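Quick caveat: nothing in here was measured; it's all calculated off a predicted structure.
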Amino acid sequence: MKSNIVADKSKHFALRIIKLYKFLKDNKNEFVISKQILRSGTSIGANITEALRGESKPDFYHKMNIALKEAAETEYWLELLYYGEFIDKASFDSIENECSEIISLLVAITKTQNN
C-alpha cells in the first residue's frame, strides 16, 4: 500500500496509545479509561485502513467518518486522563496535539464528500 499521510499518522498515534495504555495499566493502576482509549485510539487507524481499501466512495467516506468519531472520542478520553491527573501537561499536550492533527485531516477528507 502506498504511503498515505493520515494512515501513517494514525498508525504512529496508535502506537503511542498502546504505550499510554501500558503506562496507565502498569504505573497508575488505571484499567477503565485505559481500555477505552486503547480501543478508540487504535480504531482510528483501523478504520482509515478499511476506508483506503473501500469498495466504493460511499464506503470510503463512511469509514473515514467512523475514524473521525473515534478520534473525537479519543480526544475526550485524553482530556479525562489529564484533568483526572493520570497524565501530566507535557504528555497531554503532546499526544492531544497529535490527535487534533488527525482530526483536522479527517475533517478535511470528510468535507470533500459533499463536493
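- Side-chain atoms of Asn47 and Leu68, non-hydrogen and from C-beta on, never get closer than 4.5 Å to each other.
- Side-chain atoms of Ile95 and Ile17, non-hydrogen and from C-beta on, do get closer than 4.5 Å to each other.
- In terms of heavy-atom proximity, Gly54 sits nearest to Asp59 at CA-OD2, 3.2 Å.
- In terms of heavy atoms, Glu85 sits closest to Lys28 at O-NZ, 4.4 Å.
- In this model, a donor atom of one side chain and an acceptor atom of the other lie less than 3.5 Å apart for Glu96 and Ser100.
- Two different hydrophobic clusters hold Ile66 and Val107 under the rule that ILVMFWY side chains link at heavy-atom gaps under 4.5 Å.
- Shown here is Phe31, whose CZ atom has more than 12 heavy atoms of other residues, nucleotides or ligands within 6.0 Å.
- Phe23 meets the ring pair (Phe, Tyr, Trp, His ring centres under 6.0 Å) test with no other residue; sequence neighbours excluded.
- Annotation: side chain of Phe60 is not in contact with side chain of Glu55 (no heavy-atom distance under 4.5 Å).
- Contact of the Leu20 side chain with the Leu78 side chain is registered, since non-hydrogen atoms from C-beta on lie closer than 4.5 Å.
- Between the side chain of Glu30 and the backbone N or O of Ile33 there is at least one donor-acceptor pair closer than 3.5 Å.
- Rounded to the nearest 0.5 Å, atoms OG1 (Thr110) and CD1 (Ile103) are 11.0 Å apart.
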Does Lys25 form a side chain to side chain contact (heavy atoms under 4.5 Å, CB included) with Lys35? I'd like the steps, not just the answer. CA-CA 9 Å; Lys25 190 174 62 87; Lys35 284 189 180 178; over 6 Å; no
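- Across all non-hydrogen atoms, the minimal contact from Ile87 to Ser91 is CB-CB, 4.4 Å.
- For the pair Arg39/Glu70, a side-chain contact is recorded, criterion being any heavy-atom separation below 4.5 Å from C-beta on.
- Note that the CH2 atom of Trp77 and the OG atom of Ser34 stand 10.5 Å from one another [nearest 0.5 Å].
- Here Ile44 contributes atom CD1 and Lys11 contributes atom NZ; the two are 14.5 Å apart, rounded to the nearest 0.5 Å.
- Checking side-chain atoms of Ser94 against main-chain N and O of Ala90 turns up no donor-acceptor pair under 3.5 Å.
- A distance of 6.5 Å separates CG of Leu106 from CE of Met64, quoted to the nearest 0.5 Å.
- Proximity of Thr42 to Phe13: side-chain heavy atoms (C-beta onward) are nowhere separated by under 4.5 Å.
- Using a 4.0 Å cut-off between charged nitrogen and carboxylate oxygen, Lys9 and Glu98 do not count as a salt-bridge pair.
- Taking SG of Cys99 as the reference point, atom CD1 of Ile37 lies at 7.5 Å (rounded to 0.5 Å).
- In this pair, Tyr83 and Phe92 present their aromatic rings tilted. The plane angle is within the 30 to 60° band.
- Taken to the nearest 0.5 Å, the NZ atom of Lys63 stands 11.5 Å off from the OG1 atom of Thr49.
- Considering all non-hydrogen atoms of both residues, Ala67 and Ile48 come closest at CB-CG1, 3.8 Å.
- Using modelled atom types and a 3.5 Å distance limit, the side chains of Tyr61 and Thr112 yield a donor-acceptor pair.
- For the pair Lys89 and Asp93, the salt-bridge criterion is met [side-chain N within less than 4.0 Å of a carboxylate O].
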